[in-house]
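Here is the structure we will look at.
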Amino acid sequence: MNLPAATEKSVLGPGDIFTLEVVGEKDLPREYQVAADGTVDLPYVHTVKVVGLEAPEVARLVRKRLIEQKILTDPSVIVQVKEYHSRRVTLLGQVAKPGSFPYTVGLTLVQAVSLAGGLTAIAHDDRVNLTRKTDTGTRTAVISIDSIMEGKSPDIPLQPGDRIYVHERLF
């Protein structure tokens, strides 16, 4: 197969939901959603641009702002991503429920097909296209889900933006 390996980038994008906790500050809201412009409004520090940052980077940025604005002297800030709405995989063709599904870290091809309700009765399980964006363009590989299910081939790790198309069997 000529597909580049999946890359794990866990940066925030518009629509993503994360929790933010400032240890010892019990009255603050905990859950936040990234706005369409890539920002989030937080108590004390106001609007913060978080798009393209990973959770630990957001925590460091909020901590720095709390210190700079003399709100807290040595805060502990914990940020955890709850849902990635900006990161999705798309399944089309001969699956029970075609559509776009939220990407989760570690998602594989077989798990994604399962999210889409499995293959239809006329699915060609030896002809599944996986299209992935790379630094040099877009690449497509033809994969056999049958081979994966029989243990002859490893399952394929997915990455956000992957597109899967399950062909129809010809009778």
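Just so we're clear, the structure is a prediction, and the values are computed from it rather than from any experiment.
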Under a 4.5 Å cut-off applied to non-hydrogen side-chain atoms, are [X] and [Y] in contact?
X: Gln94; Y: Leu119; result: no
X: Met149; Y: Asp125; result: no
X: Tyr44; Y: Val62; result: no
X: Leu42; Y: Tyr32; result: yes
X: Leu91; Y: Leu115; result: no
X: Leu92; Y: Arg163; result: no
X: Leu158; Y: Leu130; result: yes

Has [X] got a side-chain atom pairing as donor or acceptor with [Y]'s backbone, closer than 3.5 angstrom?
X: Glu83; Y: Asp16; value: no
X: Asp155; Y: Thr108; value: no
X: Asn129; Y: Ile164; value: no
X: Arg88; Y: Ser100; value: yes

Exercise for the section: Count the heavy atoms belonging to other residues, nucleotides or ligands that lie under 6.0 Å from CD of Glu57, then report whether that count exceeds 12. Expected result: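 Enclosed.
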[atom1]/[X] to [atom2]/[Y] distance, rounded to the nearest 0.5 angstrom?
X: Lys26; Y: Glu21; atom1: NZ; atom2: CD; result: 6.0 Å
X: Leu66; Y: Thr73; atom1: CG; atom2: OG1; result: 10.5 Å
X: Thr19; Y: Lys82; atom1: OG1; atom2: NZ; result: 8.0 Å
X: Arg127; Y: Arg169; atom1: CZ; atom2: CZ; result: 14.0 Å
X: Ile156; Y: Ile148; atom1: CD1; atom2: CD1; result: 5.0 Å

Handout entry: Residue pair Asp74, Arg63: steps toward the side-chain contact (heavy atoms from CB on, under 4.5 Å) verdict
Key = CA-CA 8 Å; Asp74 188 22; Arg63 181 181 191 283; 2.3 Å; yes
Closest approach of [X] to [Y] (non-hydrogen atoms, all atoms of both residues):
X: Lys49; Y: Thr39; result: CA-CG2, 4.0 Å
X: Ile17; Y: Glu31; result: CG2-CG, 3.5 Å
X: Pro14; Y: Val51; result: CD-CG2, 3.9 Å
X: Ile67; Y: Pro75; result: CG1-CD, 3.6 Å
X: Arg132; Y: Pro157; result: NH2-O, 3.0 Å
X: Val166; Y: Ala123; result: CG1-CB, 3.8 Å

Exercise for the section: Answer with yes or no whether the hydrophobic clustering places Tyr165 together with Tyr103; edges join I, L, V, M, F, W, Y residues whose side-chain heavy atoms lie under 4.5 Å apart. Expected result: no
Practice task
Examine Val50 and Ile78 and state if one hydrophobic cluster contains both, with Ile, Leu, Val, Met, Phe, Trp and Tyr joined whenever side-chain heavy atoms are less than 4.5 Å apart.
Solution key: no
Handout entry: Test side-chain hydrogen bond (donor to acceptor under 3.5 Å, both in side chains) applied to Thr134 and Arg139, step by step
Key = CA-CA 7 Å; Thr134 68; Arg139 306 252 306 266; 5.3 Å; no
Problem - Residues Asp146 and Ser144: side-chain donor-acceptor under 3.5 angstrom - result: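 Asp146 vs Ser144: no donor-acceptor pair found between side chains.
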